[in-house]
Amino acid sequence: MAVGVEIIAISINLFAAPHKIALGGVSGVSVLLDAVFSIPTYATVLVLNLLMLVLSYLFLGKKTTINIALGSLMLPIGLALTPEIMLVKDPFVSVIASGAIFGVGLALLYRCNASSGGTAVPPMIVKKIF
């Protein structure tokens, strides 16, 4: 699980964030807020993931929230510890590399029934309600 989260952090900090590319979800919002207001990506991810954990606890219960919590808290730590460096100067190549690397990280998380939190929570709530 830690490897998957760190791979996601690498995709964001080494490819997406240096070019201000918002991939989507909480990490995408965090890149946009960093670009506009200079709020560090890890801080935004932490705050939004904590908000999603509260919603998870209220709507999905304790067990599901515990399953989501570890990844939700590990991702901001990974983002804070991984330096933001522009490895590739071409934004198009960065989009492709970031998306592919992000996908590998998510696949690793899904293989161990984990999540990095964030926007995975609202669809789970909608699924439970409907």
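FYI, the numbering just counts along the sequence from 1.
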Can you hop from Met1 to Leu106 via hydrophobic side chains spaced under 4.5 Å? yes

Connected hydrophobic set around [X], excluding itself, where side chains approach under 4.5 Å:
X: Ile96; value: Phe92
X: Ile10; value: Val3, Ile7, Leu14, Phe15, Ile85, Leu87, Val88, Val93, Ile101, Val104, Leu108
X: Met124; value: Leu46, Leu50, Leu51, Met52, Leu53, Val54, Leu55, Leu58, Phe59, Leu60, Ile68, Leu73, Val121, Ile125, Val126, Ile129, Phe130

Interatomic spacing from OG in Ser27 to CD1 in Ile12 - rounded to 0.5 Å: 4.0 Å

Let me confirm one number: the CD1-CG distance from Ile21 to Leu32, rounded to the nearest 0.5 Å. 11.0 Å

Keeping Asn13 on the side-chain end and Leu79 on the backbone end, is there a donor-acceptor pair under 3.5 Å? yes

Donor-acceptor contact below 3.5 Å, side chain Thr44 vs main chain Ser30: no

Measure the shortest side-chain to side-chain distance between Leu109 and Ile8 over non-hydrogen atoms and say whether it is less than 4.5 angstrom. yes

Side-chain heavy-atom pair Leu23, Val31 within 4.5 angstrom cut-off: no

With sequence neighbours excluded, residues passing side-chain hydrogen bond (donor to acceptor under 3.5 Å, both in side chains) with Ser115: none

Please identify each residue that fulfils side-chain hydrogen bond (donor to acceptor under 3.5 Å, both in side chains) with Ser94, with sequence neighbours left out. His19

Any idea which heavy atoms bring Lys89 and Met86 closest together, and the distance? CA-SD, 4.2 Å

Ignoring hydrogens, what is the shortest heavy-atom contact between Met74 and Ala2? Give both atom names and the distance. CE-CA, 3.1 Å

Mind jotting down which residue pairs meet the salt bridge (charged side-chain N to carboxylate O under 4.0 Å, His left out) criterion with at least one end in residues 31-55? Sequence neighbours excluded, please. Lys20-Asp34

